[in-house]
2 protein chains.
Amino acid sequence: MAKSIKEIAQELNVSKSTVSLVINHKAEQARISKELEKRVLDYVKKVGYKPNSLAKSLATGRSNTIGLIVENIGDSFFGPFALYVEELLRKKDYHVLYSSTLGDPQNAQDIIDFMLEKKVEGILLAPTVDLEEHQRKILEHKVPLVVFDRNSPEVATHYVHIDNGDSSLKACSHLQSIGCENFGLVTIDSDQPQMLARKNAYLQFCEETGMQARILHLPYQNLRQKGMTTLQNWVAKNIELDGLFFTTNYLCILGLKSLRTEEGKNFDFPLFSFDDHELFDLLNPKISCIRQPLEPLAKTCVKVLLKEIDRGVSSPKEYVISTDLIKR
Amino acid sequence: MAKSIKEIAQELNVSKSTVSLVINHKAEQARISKELEKRVLDYVKKVGYKPNSLAKSLATGRSNTIGLIVENIGDSFFGPFALYVEELLRKKDYHVLYSSTLGDPQNAQDIIDFMLEKKVEGILLAPTVDLEEHQRKILEHKVPLVVFDRNSPEVATHYVHIDNGDSSLKACSHLQSIGCENFGLVTIDSDQPQMLARKNAYLQFCEETGMQARILHLPYQNLRQKGMTTLQNWVAKNIELDGLFFTTNYLCILGLKSLRTEEGKNFDFPLFSFDDHELFDLLNPKISCIRQPLEPLAKTCVKVLLKEIDRGVSSPKEYVISTDLIKR
DNA sequence: TATTTCTACTAAAACGTATTAGTAAAGATA
DNA sequence: TATCTTTACTAATACGTTTTAGTAGAAATA
């Protein structure tokens, strides 16, 4: 059914080269006559020719595809982010090959290998732990790489991210401004730099204001199982708490769920989330948050990556996107 | 940097065939001696050979990739669904090429063409309007196709879906059982079969119970702009309403947002959503819903598609997944 | 010893495309 | 008319792999 250039050439009694040149709009430059050009074009249209892009990529060395590697395409940050990326790249005639690592380095390795084998022209990566070596591998293959959201400082790459420290300070100030004098921080037991930055800003705020720091580290592994009771116990123990600052939206959701569980013991202090969520403005009490502006984030990632692809790999830079404080 | 089989062969003073056969674990079958096999294997490992999967696919006709086409990878149904699909296929050594149509047939056409050109081995499609022709095209190319969630009845394909009518009846009965005697239906102005099925079940329920049918059709286009006020006016006009049944979760969210807007006029009747949402159990009043079991849905889609790929295209069948009624 | 069988490989073709060097025929130049 | 240009193409090679048919030499058979 699907005809190849070879077949078309035979059926038209011309050479493969002619057909290929015409199809790729190089008829003029190759001095193909207008008549023949039209004959080929018409026939190509008639039989509904579709190029085999594998062969094409093999011959040209270009795949017009970029890889997007995230932790979880199903979550409320990466999903919409991926959509923006796809939209932006569609306009530039690129396609996106996405994949989720689920935080598993083995998955990440497989995905990266797969993408390199597929000859993606560039990779957009939100790294999880222990990915330094893979990043190096990508760079060794001369494949442009842009890292976003998280970063492993040991490998120098282009890095697009929000200002975690500054945003975190904004959050603290907001909580203070609405009357919280003893709010705690709930974060994840992980040394991801963005998490550390958020925590450190909180600590800095404590130091500057003299507020006592109260920090809960929830386990990164099996958060679902242990997280809720740990949080409940912690809140029960620290009765002087009058506000909670969650360093991610999924932690905040977990907080909402666990603090609601014991019907009578509803908390009655403000919650603040780093990262927005579709329904935060519907909840009671309303959740204020830091919102990562997805579109600017995606735009910057795409712009930087495309530039790398166009002009070749350049020396790594950092790109900081500022966040919005959403008061509710 | 990246060596090819050809280079490796030269450097080892053997033929390309030998290297290829060894790499593909066909050394024994091709009577390559153990010693040579080891020599090749060692060298291949040493130089970190990675096959060029474009060339491989071109030669074998297999891409080990399947396409997943949804409306919006960023939404709370398709995102997590996609993750399940990816996980399931990863186990079978397949990779997923996803893409979002955003409901635009032109996008859909481009995406399908792209996927066919990339020689995906099968396609999983949640069709939007006017996709009949594309589905035909896919089938013409002899590419296995499984349609899910929505369906255009004009083209016969494998179709995995939930039982919309039955689920809708369950929803109605539930609302009745908790005391609603005059609940209305809020749906979308679209002739997608699954929406019609949900509506028709409601009508059937009305007929059987004698309840007066009250249906609001919100515009599919620019829902965001017009939806809220339309809904507000409708609810204000129909004062006898004592419950609302939304045919999708995004309509329910819209409902929550618009009915909350006028602070004083909070509604005080139950809402029911077709499709769950991560935060529905946190809202007040709690939202009961029909939940589409994502995992069984994904499992069935993948199973059917892989079977088609394995055994060749077979005559279309329907697969119905039953839903869960979540009472809150 | 002449023939067959086995061993351990390799040569060659194929997948479908892009690209560059080459060429035959016609036209222009001197 | 002999040479140079231009026109309008095509042949050949390359991309990196898989696969099948083939082959030289050794071993076994008769």
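Chain A is the first sequence line, chain B the second, and so forth, proteins listed ahead of strands; every chain is numbered from 1.
The side chain of B:Leu21 approaches C:dT10 more closely than any other nucleotide in the set C:dT10, D:dT18, D:dA11.
With rounding to whole Å, A:Glu28 atom CD is found 11 Å from D:dT7 atom P. A:Lys26 places its NZ atom 8 Å from the P atom of C:dA18, with the value rounded to the nearest Å. If you measure from atom NZ of B:Lys56 to atom P of D:dT19, you get 10 Å, rounded to the nearest angstrom. D:dA8 atom P lies 14 Å from atom CZ of A:Arg39, rounded to whole Å. Following rounding to the nearest Å, B:Ile5 (CD1) and C:dA11 (P) show an atom-to-atom distance of 15 Å. The NZ-C1' distance, from A:Lys3 to C:dT17, rounds to 18 Å in whole Å. Distance, A:Ile23 CD1 to C:dT19 P: 13 Å, rounded to whole Å. Per the geometry, CD1 belonging to B:Ile8 stands 11 Å off C1' belonging to D:dG16, to the nearest Å.
Checking each of B:Lys46, B:Arg39, B:Lys16, B:Lys3 against B:Glu11 for a salt bridge (Lys or Arg N to Asp or Glu O under 4.0 Å) leaves exactly one that passes, namely B:Lys3.
Using modelled atom types, no side-chain atom of A:Thr18 and backbone atom of A:Val14 make a donor-acceptor pair closer than 3.5 Å. At distances below 3.5 Å, not a single donor-acceptor pair connects side-chain atoms of B:Asn24 with backbone N or O atoms of B:Lys26. Here the side chain of B:Thr60 pairs a donor or acceptor atom with the backbone of B:Arg62 at under 3.5 angstrom.
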**Message:** Between A:Tyr98 and B:Tyr98, does the ring pair (Phe, Tyr, Trp, His ring centres under 6.0 Å) criterion hold? Intermediate values first, please.
**Reply:** CA-CA 7 Å; A:Tyr98 358 60; B:Tyr98 356 60; 4.9 Å; yes
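Nucleic acid contact class of A:Thr18 (heavy atoms, under 4.0 Å, all strands): base.
Defined by atom type and a distance below 3.5 Å, a donor-acceptor pair is missing between the side-chain atoms of A:Thr65 and A:Glu121. With hydrogens and angles left out, the side-chain atoms of B:Ser100 and B:Glu71 include no donor and acceptor closer than 3.5 Å.
Comparing the local axis fitted to the first five base pairs of the helix from C:dT1-D:dA30 to C:dA30-D:dT1 with the one fitted to its last five gives a bend of 70°, rounded to 10°.
Considering every non-hydrogen atom in both A:Ile162 and A:Pro293, the closest pair reads CG2-CD, 4.5 Å. A pairwise comparison of heavy atoms in A:Ile8 and A:Tyr43 identifies CG2-CD2, 3.8 Å as the closest pair.
Mapped onto DNA chain C by nearest heavy atom, A:Ser20 and B:Glu37 fall at different nucleotides, with B:Glu37 at the one closer to the 5' end.
Here B:Glu87 pairs with B:Arg90 in a salt bridge; the nearest charged N to carboxylate O distance falls below 4.0 Å.
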Write out a two-atom table: protein N or O, nucleotide N or O from nucleotides 12-15 of chain C, distance below 3.5 Å.
{"unit_1": "C:dA12", "atom_1": "N6", "unit_2": "B:Ser17", "atom_2": "OG", "d": "3.4"}

What does the list of N/O pairs under 3.5 Å between the protein and nucleotides 5-8 of chain C look like, with a distance for each?
{"unit_1": "C:dT7", "atom_1": "OP2", "unit_2": "B:Arg31", "atom_2": "NH1", "d": "2.7"}

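Ring-plane geometry between B:Phe114 and A:His95 is classed as parallel, the angle between the planes falling under 30 degrees on a 0 to 90 degree scale with a further cut at 60. In this pair, B:Phe148 and B:Phe78 present their aromatic rings perpendicular. The plane angle is above 60°, beyond the 30 to 60° band.
For A:Ser4 and C:dG16, the shortest distance from a side-chain N or O to OP1 or OP2 is not below 4.0 Å.
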